[in-house]
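Quick notes on the structure that follows.
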Amino acid sequence: MKILPLKSKFEAIAVRGTPAPVVGAEAGAPVPLVNETPHATKGIDLDVTVSAERVVEAVKILDEANWMLEAITGVDWLAERQFEVVYDFTHVDSGERVTVRVRISRDKPELPTISHIYGGANWHERETHDFFGIIFLGHPQLIPLLLPEDARFHPLRKDFTA
Amino acid sequence: MTNTVVWSLIYLLAFLLAGLVIGLGAMVMAWLLAPKRTRTVYQKTLRSIECGVAPIGHAWIRYGVVYYLYALIFVAFSVDVLFLFPVALVYNETPGWLDFGEVLLFVGILALVIVYAWKKGVFSWKSKLKSPQA
Amino acid sequence: MEKQVEVPPGLIHFAMLDDVLNMARANSLWPMTFGLACCAIEMMATGASRFDMARFGCEVFRPSPRQSDLMIVSGTISRKMAPAVVTLYDQMPEPKWVLAMGNCAISGGPFKFPGQYGIVEGVDKLIPVDVYVPGCPPRPEALIEGILTLEEKLRGKRCFPTVEAR
Amino acid sequence: MSIDAQSVLNETFVLNLGPQHPATHGVLRIKLTMDGEYIVDAEPVIGYGHRMHEKMGENRSYAKFLPNTGRIDYVAALFNGHGYVGAVERLAGITVPERAEYIRVITSELNRVASHLLWLGAFLVDLGGFTPLLYCFDDREQILDLLESVTGARLTFCYYRFGGVCNDIDDDFVAGTRSFITRLRSRMPMYDAFVTKNIIFRKRVEGIGLISAETCRKYGATGPVIRGSGVSYDVRKVEPYSVYLKFNFDIPSFTECDCMARYKVRIEEMVQSMRIIEQALDSLPAGPIMAEKVPRTLKLAKGDCYYNVESARGSFGVRVVSDGSENAYRLKLRSPCFSNMSLFRECSAGMLLPDALALLGSFDLVIPDIDR
């Protein structure tokens with residue numbers, strides 16, 4: 001059970017930081033929301049919701065504990081005017097999964113990059129930028145990856161029309 | 001000009017003529033029969049091939065000298081083979097091992113080129129990346 | 001882009017000579033290795049030992065457009081790939097033919113839906129196409145039938161038996 | 001001026017290992033900044049095979065997306081189907097009957113062997129040997145005949161349904177699989193002598209393309225790439241899904257981290273897959289092949305879940321985010337080749353060009369799996 005030490009570390013982030021409200025979570029809940037979910041029905045063992053400033057800290061915790069970055073997913077919650085970025089991590093020995101979720105506002109979609117911690121995040125972030133237009137601050141080469149070089153549209157946004 | 005010399009000159013002339021006819025003939029046939037125009041869409045027929053995309057930069061740059069040295073070694077050995085042609089014509093005239101010894105001596109001396117090139121490090125592809133750190 | 005599909009004529013051409021030329025061209029079509037997606041695997045299977053396109057003249061798969069005279073477009077042409085496809089078509093010397101293999105090359109196939117942003121719906125929007133081989137991916141036998149149709153188009157008559165529908 | 005001093009003055013030139021190239025197995029482009037034969041920087045440019053699978057996941061119902069799963073990684077298509085169907089079943093809470101799980105394992109492992117055979121042929125064509133491709137395709141055709149008799153397709157399978165499989169396997173499929181396994185086992189020593197002990201092949205792959213386990217962890221590389229670097233991470237063992245717990249098989253992993261290690265991993269995996277298939281065939285239970293009341297149009301509960309399978313190239317994961325309607329709100333396909341390829345730039349700096357192609361071939365890439 002590799003996630004137990006992590007759980008306490010993630011709670012530690014919550015205690016130090018002022019509880020910035022995470023839109024969509026119950027008001028006043030401490031940031032980050034850390035809840036353990038059964039693997040069988042959700043496929044994830046530890047689900048952590050972090051605010052945008054805490055992302056790099058949360059990812060550093062996982063990096064020191066030798067977790068592997070699987071994927072970065074963007075989700076466009078149009079109704080709540082928010083983007084959600086989901087970081088998936090797994091551990092090669094125990095096979096457990098940790099998901100770090102971040103919610104950023106849809107009008108100013110900015111998020112610090114983690115490509116200096118995980119090299120693989122470089123491409124994942126470029127792809128999320130392609131599809132959603134989320135700007136990853138400090139990313140070395142944020143140009144279209146899957147779309148043509150001159151593409152300025154973001155196809156996976158809910159309000160995208162071809 | 002005895003009879004045999006005239007005949008051998010005729011053979012030589014015929015041989016040269018045949019070479020020319022085959023060489024130029026093929027080009028003339030192609031020029032006559034091949035389609036005159038190539039159907040293009042972007043008019044990029046004459047662009048150099050780079051797997052479908054535009055080549056970046058131009059080719060006239062100072063790249064590694066090792067390519068030139070490889071070409072030099074090739075020239076040395078092709079000349080070596082050139083000299084073996086006449087030897088092949090008169091190889092069996094004199095019985096015994098004399099001819100074989102001479103050819104071996106000739107090729108041996110020319111083989112020293114490889115030994116020299118090996119010592120100078122032509123065959124190990126030196127790289128700019130490796131030399132600064134090494 | 002004029003839809004002129006026929007091979008432009010040479011300086012001198014008369015009936016008998018054209019027949020000989022077309023018969024020679026039909027028997028030695030050199031396809032260009034141009035695998036885009038799933039159909040490329042079926043094209044490789046057609047070139048491999050069991051279905052063996054070489055029996056019908058398509059022996060050599062040339063990687064460079066300069067040495068090939070048949071472009072088998074096997075797979076989806078995305079908008080990022082379209083200029084490269086047309087450049088390769090231009091760089092092929094005459095006489096050249098195009099075989100659109102698979103639904104993606106014919107009309108965009110399973111990836112054509114209202115609001116799609118990424119693919120060119122059919123290669124004939126870019127370059128003139130001679131033979132269309134439907135299927136997703138088409139079976140190797142279908143690709144061989146496509147090549148025989150192209151050879152029939154060149155020769156004027158078909159010299160291999162056709163498959164009668166039982 | 002000695003050769004060393006001369007080579008410092010060289011300029012680098014840019015070469016396109018372009019979209020149309022025999023060694024890239026599809027439309028991958030690599031911008032190579034070269035110094036003579038050595039690579040200074042290799043920047044992969046992808047997206048030439050992007051086919052909007054994730055966009056299509058959002059604007060069609062769950063069942064209509066099934067044919068797409070066969071076209072993401074079409075060389076090992078059944079794994080994508082297994083991943084997608086598994087994710088939807090996990091979110092919908094559908095339990096799959098025992099026999100269907102066994103059939104899924106058998107057909108998936110057959111597809112893994114077919115995928116590794118195609119990789120073996122293509123990898124050796126990259127290194128210059130054309131003949132092994134013909135042998136490998138001959139074996140692969142045997143598997144395609146078996147899978148075609150059950151699924152109806154040769155390459156882009158659409159065989160799994162939510163709650164089971166759509167067609168039951170019959171006796172001559174079982175007999176055909178057993179005879180295929182005995183035939184392939186008899187040919188493995190030939191491949192071993194023909195390829196593994198071939199001195200030219202060994203010179204091209206041994207000690208070439210070193211990828212450390214730390215690089216694999218940082219880039220998220222999985223499958224034979226990470227198992228070739230000493231970490232025996234395999235989703236079937238570490239995060240067991242379906243009925244893989246019932247079979248005993250071991251995960252090959254070598255610690256040399258070079259192309260030869262990845263080659264040996266895949267050859268050994270073929271042997272292990274055949275062991276799994278045999279055990280699955282021996283203990284194949286009778287019973288239904290579809291779960292009972294699976295609604296025709298599936299409406300999943302709000303929320304999301306993640307499900308991943310061990311595909312032939314690595315761990316293929318599917319994240320389904322549903323908002324209760326019949327279309328997925330967001331469908332993320334985590335493809336193994338995307339992460340495996342992302343470490344190419346770091347590993348190929350300073351390599352010779354032919355060695356970089358051997359490294360590329362040892363990744364076993366399928367380009368639409370990278371571009372999705």
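For clarity, every value in this text was computed on a predicted model and none was experimentally measured. A note on names: the letters A, B, ... follow the listed sequences, proteins ahead of strands, and every chain is numbered from 1.
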Which residues share a side chain to side chain donor-acceptor pair (under 3.5 Å) with Thr4(B), sequence neighbours left out: Thr2(B)
Part of Met81(C) within contact of chain B (heavy atom distance under 4.5 Å): neither
Any donor-acceptor N/O pair, Arg55(C) side chain to Phe51(C) backbone, under 3.5 Å: yes
Heavy-atom side-chain contact between Leu33(B) and Leu11(C) under 4.5 Å: no
Donor-acceptor under 3.5 Å (Asp69(C) side chain, Pro95(C) main chain): no
Partners passing side chain to side chain donor-acceptor pair (under 3.5 Å) against Glu152(C) (at least two apart in sequence or in another chain): none
Between Leu88(C), Val86(C), Leu21(C), the one whose heavy-atom pairs under 4.5 Å with chain B are most numerous: Val86(C)
Part of residues 56-65 of chain C lying next to chain B, heavy-atom separation under 4.5 Å: Ser64(C), Pro65(C)
Inter- and intrachain pairs under salt bridge (Lys or Arg N to Asp or Glu O under 4.0 Å), touching residues 31-44 of chain C, at least two apart: Glu42(C)-Arg154(D)
NZ on Lys96(C) to CE on Met32(C), rounded to 0.5 Å: 9.5 Å
